[in-house]
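Just so it is clear, the model here is predicted, and its values are computed rather than measured. Computed over heavy atoms, backbone and side chain alike; hydrogens, waters and symmetry mates excluded.
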Amino acid sequence: MLAAAAPIASPDGDRVARRNVLVLAIAQALAGGTSTIFITTGGITGAMLAADKGLATLPITFMVVGMWLGTLPIGALAKTYGRRFALEAGSAMGILGGLISSWAVLQGSFTLYLIGSFFAGIYGASYQSYRFAAADTASDSFRPKAVSWVLAGGIFSAIIGPQLIIFTKDLLPPYLFAATYFGQAILALAGAAVLAFVKIPPPAAEKSGAGGGRPLSEIVRNPRFMSAAVCGAASYGMMNLVMTSAPLAMLACNHSVTDATLGLQWHVLAMFVPSFFTGSLIARFGIDRVVIAGLTLLCASAAVAISGIALWQFWTALVLLGVGWNFAFIGATAMVTQCHRPAERNKVQAFNDFLVFGSMAVGSFSSGQLLASFGWTAVNEVVFPVVAVAGALLFWRGMQGRRHAV
């Protein structure tokens with residue numbers, strides 16, 4: 001069994017890795033605003049442009065599908081042309097998505113807006129890989145911190161996105177959000193400029209043409225990869241399932257739009273603020289324990305949500321949901337980096353994200369239907385069996401590791 005993926009050799013220890021973390025965290029803050037903008041405005045713009053108002057949320061679906069389907073091409077570009085080229089290509093998709101969406105609003109074209117949303121999703125697949133890029137040049141001890149600190153950039157994207165909407169939504173009357181999407185394209189352009197400072201040389205095996213390492217089919221059968229991928233998919237899928245339904249459930253329970261908005265703000269902060277210390281927790285207690293803590297918090301969130309519909313119960317559940325996602329997802333990401341050799345990193349990480357964001361797509365698609373057909377309690381009840389499967393697989397992997405050690 002492969003104990004850990006060796007970082008790309010650096011004569012300066014983690015100096016280059018720390019520099020990359022700072023650059024990628026800034027890029028994450030800029031790029032993350034794209035998802036915030038499209039999720040916040042997508043349904044409203046869709047309702048304005050679609051002939052059938054029942055298709056109002058289809059742009060968000062296109063964005064999620066773009067994120068899902070973009071993972072493998074981004075990984076292939078990174079393997080062939082290098083990590084920075086792949087990330088810059090993703091930024092180009094973000095610029096294109098913003099420009100197309102702005103033009104779609106000006107032209108009143110729903111079809112164009114769907115295309116713009118899809119390109120924005122591909123950009124999402126790119127910036128979600130920033131966490132792996134941060135790990136490329138990091139030592140074993142610094143790798144979990146590198147991943148968590150890059151994700152901490154999401155705190156600022158949660159501020160940048162909404163503020164851009166507020167200041168630009170009415171700049172081109174009567175075309176609501178036309179200037180917002182143009183501003184999003186500028187954000188993506190700024191993110192591309194920041195990425196120019198990333199320093200990630202190709203691994204020696206890839207550089208010398210020594211091949212791509214072991215077959216992917218062999219790697220994915222590794223119990224450690226299986227548990228990492230399932231824990232990552234479970235944490236992201238369940239977080240997205242509950243988060244998507246929460247605002248609608250709060251409105252249905254006679255809470256105000258302001259209450260729902262504040263609840264989501266607390267949730268986003270809970271998702272990213274722990275990133276400042278999650279890496280240190282992993283270094284102190286180990287990856288498995290942090291992931292287990294995250295899965296436990298996801299179950300605690302579901303239990304609080306099921307217990308009642310008071311405002312404090314919704315908000316508490318959303319905060320626990322965010323922290324649980326942070327621990328489980330960052331831990332699972334760090335676990336994936338221990339499952340591959342340098343020459344294998346791009347294909348393994350891309351396949352992992354394909355599984356993770358596939359679960360996100362399923363969560364997005366099923367959330368509204370579950371809520372409408374069975375209610376808020378049923379949405380949260382789904383969390384328990386999914387988390388149980390992830391926890392059981394993690395336990396099984398631990399038992400396999402002990403047997404190998406013996």
Flag if over 12 foreign heavy atoms under 6.0 Å of [atom1], [X]:
{"X": "F182", "atom1": "CZ", "answer": "no"}
{"X": "F354", "atom1": "CZ", "answer": "yes"}
{"X": "L269", "atom1": "CG", "answer": "yes"}
{"X": "F384", "atom1": "CZ", "answer": "yes"}
{"X": "W68", "atom1": "CH2", "answer": "no"}

Can you tell me if [X] uses its side chain to pair, donor with acceptor, with the backbone of [Y] under 3.5 Å?
{"X": "R84", "Y": "K199", "value": "no"}
{"X": "W315", "Y": "D259", "value": "yes"}
{"X": "N326", "Y": "M271", "value": "yes"}

Practice task
For the pair Y81 and F85, name the ring-plane relationship: parallel under 30°, tilted 30 to 60°, perpendicular over 60°.
Solution key: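 Aromatic pair Y81/F85 classed tilted.
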
Practice task
Check the angle between the aromatic planes of F38 and Y181 and answer parallel, tilted or perpendicular using the 30° and 60° thresholds.
Solution key: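 Geometry flag for Y181 against F38: tilted rings.
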
Atom of [X], atom of [Y] and distance for their closest heavy-atom approach:
{"X": "S148", "Y": "G279", "answer": "OG-N, 3.4 Å"}
{"X": "S126", "Y": "A86", "answer": "OG-O, 4.1 Å"}
{"X": "F110", "Y": "P59", "answer": "CE1-CG, 3.9 Å"}
{"X": "V291", "Y": "A332", "answer": "CG2-N, 3.8 Å"}
{"X": "S91", "Y": "L195", "answer": "OG-CD1, 3.4 Å"}
{"X": "I165", "Y": "F177", "answer": "CG2-CE2, 3.9 Å"}

How many angstroms lie between atom [atom1] of [X] and atom [atom2] of [Y], to the nearest 0.5 angstrom?
{"X": "L295", "Y": "L394", "atom1": "CG", "atom2": "CG", "answer": "7.0 Å"}
{"X": "F225", "Y": "R221", "atom1": "CZ", "atom2": "CZ", "answer": "12.5 Å"}
{"X": "I122", "Y": "T71", "atom1": "CD1", "atom2": "OG1", "answer": "10.5 Å"}
{"X": "I115", "Y": "F62", "atom1": "CD1", "atom2": "CZ", "answer": "8.5 Å"}
{"X": "N352", "Y": "S129", "atom1": "CG", "atom2": "OG", "answer": "11.5 Å"}

Practice task
Determine, using ring centers only, whether W149 and F276 are less than 6.0 Å apart.
Solution key: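 Distance test on ring centres: not under 6.0 Å, no.
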
Problem - Test side chain to side chain contact (heavy atoms under 4.5 Å, CB included) applied to V105 and L176, T45, L112, the passing residue - result: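 Going through the options one by one, the only one that passes is T45.
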
Exercise for the section: Compute both the distance and the angle, then confirm whether R19 meets the cation-pi test with F197: under 6.0 Å from the six-membered ring centre, within 45 degrees of the axis. Expected result: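 Negative - R19 is either too far from the ring of F197 or too far off its axis.
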
Handout entry: With sequence neighbours excluded, residues passing side-chain hydrogen bond (donor to acceptor under 3.5 Å, both in side chains) with T34
Key = Q184

Practice task
Sequence neighbours left out, what passes side-chain contact (heavy atoms from CB on, under 4.5 Å) with T168? Give chain and number order.
Solution key: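 If we apply the side-chain contact (heavy atoms from CB on, under 4.5 Å) test to T168, skipping adjacent residues, the hits are L164, L171, A179, T180.
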
Completion exercise
Hits for side-chain contact (heavy atoms from CB on, under 4.5 Å) against A310, two or more places apart or cross-chain, chain-then-number order -> W312, Q313

Handout entry: Ion pair D353/R131, N-O distance below 4.0 Å
Key =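 Result for this pair is yes, salt bridge flagged.
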
Exercise for the section: Please lay out, stage by stage, how M335 and S227 fare under the test side chain to side chain contact (heavy atoms under 4.5 Å, CB included). Expected result: CA-CA 9 Å; M335 202 181 297; S227 57; 3.7 Å; yes

